[in-house]
Amino acid sequence: MDWRIRRLGQSVFTVWAVMTLTFVLTRFMPGNPIDYFLVEVGPDLDDPAQAYEMAELYMNINPEDPLYIEYYDYMTAFMQGDLGRSMSMNMPVEEVLAIAIPWTLFVMSWAVFLGFTAGIAIGAVMAYWEGGKFDTALTGYATIITSIPFYVLALVLLTIFAYRLNWFPTGGRQPEGVEPGFNFLYLTGIVHHAMLPVFSMFVTSGMAALTMRGNSIRVLGSDYLRVARLRGLSDPTIAIHYVARNAILPMYTGLMIAIGSMFGGAVVLEEIFVYRGMGWYLIEAVRARDYPLMMGAFTVITIAVVIALLIADLTYGKIDPRAGGENREAF
Amino acid sequence: MKRSEDTNQFDGRTSDGLDSGGDLETKPDSVEDILRSDGGTVDSPFERTATVEETRRDRIDRKLKDYLWTPWSIMRNDWRAIVGVSILVVYLLIGTVGVYLIDPTHPTHGESLVGPFEDWSHPLGTDQSGQDILSMTVYSTVPILQMMGAGALFTIVLGTGFGLVSGYKGGMVDTVLSSITDVFINIPGLPLVIVLSVLLEPEHPALVGVLLAAAAWAGLARAIRSQVLTLRGEAFVEASRAMDVPTISLLRKEILPHLMPYIVVNLVNAARRIIFAAVALYFLGILPYSDANWGVMLESAYRAGAVYRPDAIHWLLVPMIAISGISIGLVLLGQSLDRVFNPRARARHERSDDGKGSEPESEPNTTNVTQM
Amino acid sequence: MTISESDASLVDSTGTDTIVELRDTSVSFGMDRGESRVLNEVNIDIERNEILGVIGESGSGKSMFASALLDAVPAPGTTTGDVIYHPEDGDPVDVTGLSKSELKQFRWEEISMVFQGAMSSFNPVRSVRTHFVETLSAHDYDVDAGIERAKDLLEDLYLEPERMLESYPHELSGGMKQRVLIALSLVLEPEMLVMDEPTAALDLLMQQSIISLLNEIQEKHDLTIVFITHDLPLVADLSDRLAVLYAFEFAEIGPADEILERPAHPYTRALLNATPNLSAPLEQMRPIEGESPDPVNIPPGCSYHPRCPLADEQCKSIDPGPYDAGDSRNHDVYCHHWEQSIDDLERAFTESNSDDSPATRNASHSDDAEPLVSLEDVEVQFGSENDGWLDFGESDVVTAVDGISFDIYENDVVVLVGESGCGKTTLGKTAVGLQRPTDGTIEYKDRDIWKGSSGSSTLEDEEIRRALQIVHQDPGSSLNSHQRVRSILSTPLNRWHPDLDGNDRRERILAMLEYVGISPPEDYIERYPHQLSGGEKQRVALIRAMLVNPDLILADEAVSALDVSLRVSIMDLMIELQDAFDTSFLSVSHDLSNARYLAEKTGGRIGVMYLGELVEIGSAEQIIQNPQHPYTQALRWATPELEQDDDPDENPIRTIDVPDQKNMPSGCRYHTRCPDARETCRTQKPELVDLSNEDGVQRTACFRVDDDHEYWDSEPITDDAVDGDEDDDHVNVSG
């Protein structure tokens, strides 16, 4: 029981630490947004003092207040779901992001799911014929495919499948001219638009396959597998309940790390495919020097990762009876 | 039994030998005193001193053998190491010698969008503004290698430092350090780096590398910490502690060698990740730049529509190949490196010089497992 | 000698009823260095309903023998020759010729196997019940009936069936897992059970308990048991017949009592002499010289000839066939000179006896001597600190050592014995300043060793730090695998003899290596630990500690991981080094025979620990011959003897499993298992009472030593009162 509470506390602490970090960045880093308002925007205004009000409006920080009040205001505003106001979109940051989040989650979850499923399947097959032609070929292939950055692959895919072959749209997140809602055309359109970004993320399956291969080979050499064979268990039982399950469990941590890095990767992919998710807005905010949106997007992406990791960690106990407690490194 | 013959030499000793043991440090001038003997047992193995001097030459030979020849003889038997090292050496040559052989380029250096292998004054063609792509690629190698070196080194130093200290010290130090590590593990790397680069606007490649490392060190620190936690409980570490070996040399001699394979593999992986991230940031146009590099080339090609213009595709392909090439080199090197630190592999390759048989290589390649 | 009555009846009952016969069976692996034969044309008939003990040191091919019986040699290995199984009714089956599906049926239904590592024999993510169910359904057995049978089996093995079935493997202690594995191997009612070192990782008491359970199970289920072990005394009492493996071949096969009393093969004889035990005179125990051969390079002729005192030219060239030895029909020995061996070898030993052998010393201290290290009310707790921020959970405090006081004198030897988890290693580490006690003091020559130290791991006083050293249990991890012998041994010299230059250090190390019998030292100094044998590693570890010139060395299970034949030689070396260096040893062991050897030979003491407390301490003679505490008596019972005992004693403990350490029993902690426990024991805690007399020192913490104690008037505790709530749960703190 207690490790779960502890794990939750750890997540809360992380979110608090990230919020504090963004506050420090916003307030103190060279080139910070508050200075931006005071130095860049202020002099252009009719009343330079208005810069302070703007800062409070957009960033929830009034530079005139004592530091602890600034911090308190910033944090309480965040607690109430107020992330400030986007300067380029001229709407509350949280509203901008609320529209973007589902799209990113949609693409990311499919990419993670498909990547790991394929990786596990391929890795298992490689381990089964360890040292064979299939294994050697795929190990080489996986090594090369993981050597190529996913955005390079994305560009190649975009060139071939979208521009040359016209199989997929070159950008966007939903079909044009179709009414949004639960209708077939719209839904297939969404899937169609998500295909290339998902497939670009597929490269993670190369890494997953190599890991799965290594784990499976280790399990195949274990004592309990030998005993299971002697006990006469059927091959499917051994393959699924013995090899697969024990080989996949340690990959759970890898999956969690993948979630984190994929949210980072989303930034690049969404830019390439002009897919309007969180990453796309983050880059747009950077380009437009829209600090509130930039900080907001960063905070929300971080929280999403923290929650994903928390869920993954808490559910791990359901699949591995050994989980929970001090034996395992809480991730 | 040989041993039993020697026993008699010690029978004469009385317990005052024990007391004099306490004075060890006070009389370091005489070897005889150090050795806690009652005299007369000159042949005792406990006070034997050297009769044959090992020359400086011998010592240098031994070090050379340990640090150069053995690793080399292990690596030369592994095609991955040979290919990986060759690739990296080529990049290093390009970055050092290449810039003296190839002239820098400038807009309208040649005609716009010359294709590759068409005009031998521009072997890889030119971009839209007529800049020579080969020259741009060669000159970008320098900042990329600087970023890679600085970033990878910083990742390793920070990650190993945090992991070693928090794992070995334990207690309050550990609590604070691992909490910091946990926070950084939870923050997605690329967005953090984006935010930091927007605010800091780093220009120097080495600085960019260090900044990118901010997102990469935490995972390594966590892994090192848990390994150190295991290692510090090992018997040989405890024995060294009992001998009062100073903490620094204990960490260096007893613990670090066990982490070396892991650290080196991570160094190589970190280098790869730094390049990926750096190119991505330049591609997104987030990092400021004054000179071209592969990321900048990618970006301008993408902006100029190279993805749908057949005549500009080489502009996009060349930097892509450059990135993937160095990455493959690093991956191959990483896969082969951990064997260099494996005492079994070392012993085997030492003995193979003497013409003795070798053991079967049974250890599976574990490199891939640790990468995830 | 004549056939004893019991032996005669044995022959009658078994007759010629063979269950498995091996004919020229070999197991080989192809290696780069050549073909490696890990079982070399062995012949044996295993008889129905017998218990066959197979003895072999590590690397003698005993595991391969076990696998060959089920045609279950791991992948690259190949089995050749015949393995013929005779069902009770029906035609003989050639096991090696069975098809995959026939083999699947044959294994576990006819012959099943218990592996060495019970810890790793279970799928960690499946419950125990699932293991039973899947085994039953894979063989098309009725699952419900099978589970009922499993419950009976578990019950017979003193386990709570329901709780076991619902558990996951990691929730069980080692002893529980081992017993569950035995139940799992018997659930399909096989004819024969092959056990490969089934008790190697277990404590003495658990080991002996399982052995006595095996006897019952064998009778109840009409089983044939092949029990494979390196530990000769363990099976001596259990087995009907013994087979001794040496260098992948049988050296001797015969009735157990005959082999024990009149071993015909020189190796068997040497092995018997090398095995520490409680009853044989110390002078008889001596190591076997030399090492077992490499499987690739087995000596021609008799493979034992390089180590054999009787070897002649014939032995070097001609492989000895089986000779009928002794009086009984089925005693085979593979030695050309077996008759001579029986007659002459005893003498050979007696002669070499007079050579050296450090005489037994008397205790070198008297009661009024100044103690070297003195422990006063030492208490060590684990888990009290919350290990991280935001730890809301209850902290599970385990008291590993609870208020122990004793003194160690100069030139003294104290051996701590007890089951794993009793705190003996923790106490040892506390005594040498590697573990900071949570309460109490440790003084070295009247100085508090922790004085001035702030951390939990470093002693402030350099001299004290130097004086207290440690030699570890596992030779595998006691040396840094990344360092050569030279740098391993340079470490203490660098630290404590900084004036020596590299050449002097090298010379010193070479001399030390030679002194402990590692030669040629020039070759070994450049080796990595993995290139040393277990005994060599242990020697290097010993030298490393000695190079510091310590006053007290903690030897933590220093010989437990070694082969039986090496133990005596390493202990002799320890005793010799102790003499040479005037050090004291605090030794930790779970094995009473080893403890006896070390303590009795040096005139030292044995301390018996139970659940963090010292329950009895005294001279080796007193503890072994005249134990007063019921727990010491139980340990004494659990220590196997090298003789056949026709009338095995009742198991002197009421419950096999150790109580949960987080929930210590009240009063005398042993009352939950003690056969003599009474109500008083539940409430009152006995103190150590001095019982020293002219026979030796002895202090015991038990009410029974006091004739006037109220204990004698209180009610005996009956089993139903304590069972169920006390003997539960696994122990998760290791020694």
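Order of the sequence lines sets the chain letters (A, B, ...), proteins ahead of strands, with each chain counted from 1.
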Query raised in the report: Which region of C:R544, side chain (C-beta onward) or backbone (N, CA, C, O), has a non-hydrogen atom less than 4.5 Å from a non-hydrogen atom of chain B, or is it both or neither?
Result: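 Both the backbone and the side chain of C:R544 come within 4.5 Å of chain B.
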Query - Options B:E254, B:M243, B:K169, ranked by heavy-atom pairs under 4.5 Å with chain C, top entry - result: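 The residue among B:E254, B:M243, B:K169 with the greatest pair count is B:M243.
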Requested in this report: Flag the one option from B:K253, B:E238, B:M260 with the top tally of heavy-atom pairs under 4.5 Å to chain C.
Outcome: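 Most pairs with chain C among the choices: B:E238.
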Query raised in the report: Side chain of C:E410, backbone of C:P371: donor and acceptor closer than 3.5 Å?
Result: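 Pair absent, no side-chain N/O of C:E410 close to backbone of C:P371.
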Query - Under 3.5 Å donor-acceptor, B:S166 side chain and B:F162 backbone - result: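 Side chain of B:S166 to backbone of B:F162: a pair is present.
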Query raised in the report: Is it true that C:E462 and C:R495 make a salt bridge, defined as a side-chain N closer than 4.0 Å to a carboxylate O?
Result: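 Yes, C:E462 and C:R495 are salt-bridged.
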**Report entry** Check ion pair C:E526-C:R486 (N to O, under 4.0 angstrom)
**Finding:**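 Here C:E526 pairs with C:R486 in a salt bridge, since their nearest N and O are under 4.0 Å apart.
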